[in-house]
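The block underneath contains the structure these notes are about, expressed in structure tokens.
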Amino acid sequence: MSTQTRLIQVRQHVLKQNDVAARALRRRFEEAGVYVVSLVSSPGTGKTYFLEKLLGLLRARYRVAAVVGDLATDNDAQRLARAQVPIRQITTGTACHLEAEMVRRALEGWKLEDLDFLFIENVGNLVCPSTYDLGEELRLVLLSVTEGEDKPLKYPPIFNSSDMAVITKIDLADAVEFDRAAARRSIESVRPGMEVVEVSAKTGQGMDYWPGFLEERLAQFRKDQVATVPKAGISSQV
């Protein structure tokens with residue numbers, strides 16, 4: 001058996017294990033009625049700042065929490081704690097992505113039924129996270145204007161595995177000569193029909209879109225769960 005064959009077999013086994021864990025997580029989320037959103041991006045896109053502002057917008061009306069992953073330090077968890085919502089850090093060590101089992105362990109002791117939204121911020125990486133399901137209902141891929149318009153062409157798997165694209169730091173678009181049309185063409189060529197939202201967490205541009213959008217998603221999510229299998233204890237408040 002060649003080394004390459006062995007590596008492929010090990011990878012398939014790891015992914016299969018993750019899929020099993022992710023399905024179990026998704027069932028838990030559905031039973032609890034909590035809508036789970038994951039965020040993926042390369043380092044430096046402003047992912048943590050975007051999430052901090054989003055948590056601040058939601059916490060007045062909804063029960064929200066977040067899990068954040070990094071190779072080292074709990075810096076991002078400390079930053080997100082400023083939003084005054086429950087936060088837990090996952091330190092992966094050498095792993096360049098979160099896995100479903102990591103998320104499961106991080107959630108131990110949390111009563112998911114007490115949440116409306118749970119956000120999972122993945123490790124900054126556009127390669128590894130694309131193949132790891134975390135049981136989320138919605139995956140956002142973030143692209144900053146400082147990264148260039150061709151990022152989707154260079155990393156198509158992460159855009160194919162995501163549900164929406166968020167272009168961040170849009171307040172810097174003119175300064176860095178960011179070509180919006182070219183970026184959208186890149187996204188469209190990789191993932192036709194993908195919804196794209198432009199935001200600036202710093203100025204607030206585009207941030208008012210998210211509470212209403214997520215409210216609709218939460219309501220539909222809970223409606224679908226009740227229609228499929230009625231579950232006691234699932235709140236329908238939005």
Side-chain angles (χ1 to χ4, degrees), residues 34-70 75-88 115-124 126 129 134 136-149 151-152 158-159 162-181 183-184 186-188 191 193-222 237-238:
V34 57
Y35 191 84
V36 182
V37 181
S38 71
L39 295 84
V40 293
S41 77
S42 57
T45 60
K47 180 167 73 270
T48 303
Y49 194 32
F50 168 73
L51 180 55
E52 179 188 347
K53 294 299 182 180
L54 183 54
L55 292 172
L57 288 172
L58 292 172
R59 70 181 176 87
R61 294 188 58 193
Y62 302 100
R63 303 165 299 174
V64 295
V67 173
V68 55
D70 269 312
N75 292 349
D76 285 354
Q78 292 183 41
R79 288 179 58 190
L80 292 176
R82 296 184 301 203
Q84 300 178 3
V85 303
I87 305 291
R88 286 192 178 174
L115 297 177
D116 296 309
F117 294 104
L118 172 67
F119 294 88
I120 302 173
E121 181 184 341
N122 215 316
V123 177
L126 284 180
L134 301 179
E136 69 268 68
E137 191 68 21
L138 178 72
R139 178 181 288 188
L140 306 179
V141 57
L142 281 66
L143 162 71
S144 74
V145 301
T146 57
E147 294 180 275
E149 301 85 354
K151 210 74 169 184
I158 195 67
F159 283 83
S162 299
D163 302 294
M164 292 178 63
V166 183
I167 299 178
T168 62
K169 304 184 182 180
I170 200 65
D171 56 304
L172 300 177
D174 292 339
V176 299
E177 299 182 349
F178 180 74
D179 189 332
R180 285 179 167 88
R184 287 175 177 266
S186 294
I187 295 171
E188 182 69 17
R191 182 71 183 273
M194 187 180 220
E195 184 174 357
V196 181
V197 180
E198 298 179 356
V199 303
S200 168
K202 182 177 181 180
T203 68
Q205 181 179 343
M207 294 301 296
D208 57 350
Y209 167 84
W210 294 98
F213 167 77
L214 290 172
E215 177 177 316
E216 291 179 3
R217 287 295 185 110
L218 175 64
Q220 187 60 53
F221 170 72
R222 288 178 168 171
Q237 69 175 31
V238 292

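Here the structure is a predicted model, which means the values were calculated and not measured.
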Testing the basics here: between [X] and [Y], what is the closest heavy-atom pair and its distance to 0.1 Å?
X	Y	answer
L138	Y35	CB-OH, 3.5 Å
L142	K47	CD2-CA, 3.7 Å
D70	V123	N-CG2, 4.0 Å
A83	L55	CB-CB, 3.7 Å
L58	F117	CD1-CD1, 4.4 Å

When you measure from the side chain of [X] to the backbone N and O of [Y], does any donor-acceptor pair fall under 3.5 Å?
X	Y	answer
D116	R63	yes
R191	F159	yes
Q220	R217	no

Enter the distance from [X]:[atom1] to [Y]:[atom2] here, rounded to the nearest 0.5 Å.
X	Y	atom1	atom2	answer
E137	L214	CD	CG	12.0 Å
M207	K53	CE	NZ	8.5 Å
L57	D208	CG	CG	8.5 Å
L134	N122	CG	CG	5.5 Å

Is there a side-chain contact between [X] and [Y] (heavy atoms, below 4.5 Å)?
X	Y	value
F50	V199	yes
L39	I120	no
L143	V141	no
M194	M164	no
L51	L80	yes

field: Aromatic plane relationship, F213 with W210 - under 30° parallel, 30 to 60° tilted, over 60° perpendicular
entry: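 The rings of W210 and F213 stand perpendicular, inter-plane angle above 60°.
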
message: Could you go through K151 and S42, starting from their C-alpha distance and side-chain angles, then the distance that decides it, and tell me whether this counts as side-chain contact (heavy atoms from CB on, under 4.5 Å)?
response: CA-CA 10 Å; K151 210 74 169 184; S42 57; 4.2 Å; yes

task: Inspect the contact between R180 and E198 and indicate whether a charged nitrogen and a carboxylate oxygen are less than 4.0 angstrom apart.
output: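 Salt bridge between E198 and R180, a charged N being under 4.0 Å from a carboxylate O: yes.
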
- prompt: Below 4.0 angstrom, N of the basic side chain to O of the carboxylate: do R61 and E215 qualify?
  reply: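 Result for this pair is yes, salt bridge flagged.
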
- prompt: Quick one: salt bridge (charged side-chain N to carboxylate O under 4.0 Å, His left out) pairs with a partner in residues 75-85, sequence neighbours left out?
  reply: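 Salt bridge (charged side-chain N to carboxylate O under 4.0 Å, His left out) check on residues 75-85 returns E52-R82.
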
field: By side-chain contact (heavy atoms from CB on, under 4.5 Å) - contacts of R139 (at least two apart)
entry: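 Scan of R139 (side-chain contact (heavy atoms from CB on, under 4.5 Å), adjacent residues dropped) gives S38, V40, E136, I158, S161, S162, D163.
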
Can you give me every donor-acceptor pair (side chain of residues 167-177, partner residue at least two apart or in another chain, under 3.5 Å) with its distance?
from: T168; atom 1: OG1; to: T45; atom 2: O; distance (Å): 2.6
from: K169; atom 1: NZ; to: G44; atom 2: O; distance (Å): 2.7
from: D171; atom 1: OD1; to: S200; atom 2: OG; distance (Å): 2.9

task: Carefully, step by step, assess E121 and T48 under the rule side-chain contact (heavy atoms from CB on, under 4.5 Å).
output: CA-CA 8 Å; E121 181 184 341; T48 303; 2.6 Å; yes

